[in-house]
Amino acid sequence: MSGAGDSAGAVLATLADGHFHSGESLAKVLGISRSAVWKHVQQLADFELDVFRVPGKGYRLAAPLELLDAARIRGMLTPDIRQRLNALDVLRSVDSTNNWLRDRPERTPAVCLAEVQRAGRGRRGREWISPFGSNLYMSLAWEFDELPPGFTALGMVAAIAAVRALQETGVSAAAVKWPNDLVAAGRKLGGILVDLQGEAPSQMRAVIGIGVNVRMPERASGRIDQAWTDLATLTEDAPPARNRLAAALVNQLCRALEVFGDQGFTAFREDWRTLDAIAGRDVVLQQHDRRIHGVALGVDQDGALLLSSAGATRRFVSGDISLRVRDASNN
């Protein structure tokens with residue numbers, strides 16, 4: 001983790017096990033003074049981490065924390081993807097993993113993960129709530145020499161890859177809601193944000209961000225303005241380890257992007273039919289200042305939404321469309 005070699009990062013890594021550690025033992029192991037230990041513990045408040053201090057016992061986090069580890073994640077990648085990947089960075093804090101990769105155009109394919117995002121973004125500029133060490137915030141930069149058919153469905157392909165990763169790690173309840181939300185039990189589980197660099201039809205660089213709610217802390221849940229769920233809820237408090245899930249996401253996303261580059265969205269259309277959370281349901285589609293009622297009929301070969309409305313089948317593409325499902329709570 002970037003910054004993990006400094007004293008504050010070392011204090012955090014030591015306390016992550018959820019056990020008590022005395023100030024004296026921390027100072028001895030880290031080679032710093034006890035007053036420096038106290039200052040670094042105080043800094044953890046910047047990440048909204050609760051630290052208990054008990055005289056005679058020392059410090060401990062309110063709950064154990066699995067910190068992301070680049071070496072562990074790399075070790076769980078398939079050999080071909082590990083060899084192909086140019087960079088895999090784990091940051092303690094960043095404004096946005098998408099922004100971080102977008103500012104480093106020379107490194108592709110490349111992955112960035114962060115323990116916390118200070119300015120995480122969702123679709124249409126919405127804030128993505130990103131508390132420290134609780135969920136998974138990951139971006140992957142990828143280049144396409146030629147745009148595949150149905151390139152506008154890139155975010156949908158990424159959502160399918162994310163569901164495959166969840167299935168691989170033991171979570172079977174996830175589905176996709178057009179255009180690229182991850183949902184479960186009618187509630188939002190995660191989302192995809194795609195940033196593009198370059199001009200078609202020349203080489204295009206995509207930065208694909210994936211956010212998945214793993215164990216949303218109660219202090220952050222009140223800031224979310226829509227119905228949500230997390231992996232802890234779906235798995236009866238036994239979510240997959242974050243490092244394992246991160247590796248599965250990288251593996252599945254890289255595989256999907258390779259297929260997408262060769263075959264386009266056609267290769268994923270059947271997967272979308274299987275995972276589609278709204279097909280055949282009454283929906284309300286919000287487009288700019290219009291609200292369009294109809295029945296969702298799936299997607300076409302380019303990933304556009306097909307909607308039966310007012311006696312006709314209408315086609316809507318991704319970009320400036322907001323979907324609202326009338327008979328479910330996943331707004």
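What's counted below: heavy atoms across the whole structure, side chains too, no hydrogens, waters or symmetry copies. On a predicted model such as this, the values are computed, not experimentally measured, just so you know.
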Between Tyr137 and Gly209 (side chain of the first, backbone of the second, donor and acceptor by atom type, cut-off under 3.5 Å), is there such a pair? no
Taking it one step at a time, do Leu245 and Leu231 satisfy side-chain contact (heavy atoms from CB on, under 4.5 Å)? CA-CA 11 Å; Leu245 179 57; Leu231 297 182; 3.8 Å; yes
Taking Arg242 for the side chain and Glu66 for the main chain, is one N or O donor matched with an acceptor at less than 3.5 Å? yes
Run the side-chain contact (heavy atoms from CB on, under 4.5 Å) test against Val176 and tell me which residues pass, sequence neighbours left out. Ala159, Val163, Leu182, Trp272, Leu275
Closest heavy-atom contact between Thr97 and Val94? N-CG1, 3.8 Å
Would a distance-only check, ignoring hydrogens and angles, find a side-chain to backbone donor-acceptor pair under 3.5 Å from Gln301 to Gly150? no
Over all atoms of both residues, closest heavy-atom pair of Ala173 and Ala184: O-CB, 3.7 Å
Would one find more than 12 heavy atoms of other residues, nucleotides or ligands at under 6.0 Å from atom CD of Gln197? yes
With Val295, the side chain to side chain contact (heavy atoms under 4.5 Å, CB included) member among Asp282, Leu307, Val283: Asp282
Find the distance between CD (Glu115) and CG (Leu136) and round it off to the nearest 0.5 Å. 9.0 Å
Shortest non-hydrogen contact from Met204 to Leu147? CB-CD2, 3.5 Å
Could you grab the distance from atom CG of Leu68 to atom CG of Leu88, nearest 0.5 Å is fine? 10.0 Å
Working to the nearest 0.5 Å, report the span between CD1 of Ile73 and CG of Leu113. 5.0 Å
Might you point out which heavy atoms bring Pro148 and Gly264 nearest each other, and give the distance in Å? CB-CA, 3.9 Å
Rounded to the nearest 0.5 Å, the CG atom of Asn213 sits from the OG1 atom of Thr233 at a distance of 9.0 Å
In sequence, state the C-alpha distance, the side-chain angles, and the governing distance for Gln83 and Asp80, and then conclude on side-chain contact (heavy atoms from CB on, under 4.5 Å). CA-CA 5 Å; Gln83 183 177 9; Asp80 59 322; 5.8 Å; no
Does the side chain of Pro109 reach to within under 4.5 Å of the side chain of Asn86, using non-hydrogen atoms? yes
Identify, with sequence neighbours excluded, every residue that meets side-chain contact (heavy atoms from CB on, under 4.5 Å) alongside Asp302. Asp300, Arg315
Sorted by chain and residue number, the side-chain contact (heavy atoms from CB on, under 4.5 Å) partners of Ala141 (sequence neighbours excluded) come out as Leu101, Thr108, Arg205, Val207
Under the side-chain contact (heavy atoms from CB on, under 4.5 Å) test, residues paired with Thr313 that sit two or more places apart: Leu297, Leu306
Once you round to the nearest 0.5 Å, how far does CE of Met138 lie from SG of Cys112? 10.0 Å
Listed by chain and number, what are the salt bridge (charged side-chain N to carboxylate O under 4.0 Å, His left out) partners of Arg244, not counting sequence neighbours? none
same_hphob_cluster(Ile278, Ile292) at 4.5 Å side-chain heavy-atom cutoff: yes
With under 30° as parallel and over 60° as perpendicular, where do the rings of Phe144 and Trp142 fit, or are they tilted in between? tilted
Which pair of heavy atoms, one from Arg82 and one from Gly75, lies closest together, and at what distance? NH2-O, 3.5 Å
If hydrophobic clusters are built by linking Ile, Leu, Val, Met, Phe, Trp and Tyr wherever their side-chain heavy atoms come under 4.5 Å apart, do Phe20 and Leu15 end up in the same one? no
Is the side chain of Asn135 donor-acceptor paired with the backbone N or O of Val214 at a distance under 3.5 Å, no angle test? yes
Nearest 0.5 angstrom please: Phe268 CZ to Met156 CE, how far? 11.5 Å
Side-chain donor/acceptor of Thr14 to backbone N/O of Leu12, under 3.5 Å: no
How far apart are the closest heavy atoms of Val171 and Pro240, and which atoms are they? CG2-CD, 3.9 Å
Run the side-chain contact (heavy atoms from CB on, under 4.5 Å) check on Val183 and Leu189 step by step: do they pass? CA-CA 5 Å; Val183 296; Leu189 175 65; 5.8 Å; no
Let's go through Tyr59 and Val11 carefully: what are the C-alpha distance in whole Å and the side-chain angles of both, what is the deciding distance for side-chain contact (heavy atoms from CB on, under 4.5 Å) to 0.1 Å, and is it a yes or a no? CA-CA 10 Å; Tyr59 307 96; Val11 169; over 6 Å; no
Any sub-3.5 Å donor-acceptor pair from Asn243's side-chain atoms to Leu67's backbone N or O? yes
Can you give each donor-acceptor pair under 3.5 Å made by side-chain atoms of residues 247-261, sequence neighbours left out, with the distance rounded to 0.1 Å?
residue: Asn251; atom: OD1; partner: Thr78; partner atom: N; Å: 3.1
residue: Asn251; atom: ND2; partner: Met76; partner atom: O; Å: 3.4
residue: Asn251; atom: ND2; partner: Ala247; partner atom: O; Å: 3.4
residue: Gln252; atom: NE2; partner: Glu168; partner atom: OE1; Å: 2.9
residue: Glu258; atom: OE2; partner: Arg84; partner atom: NH1; Å: 2.7

NZ or CZ of Arg104 within 45° of Trp100 ring axis and under 6.0 Å: yes
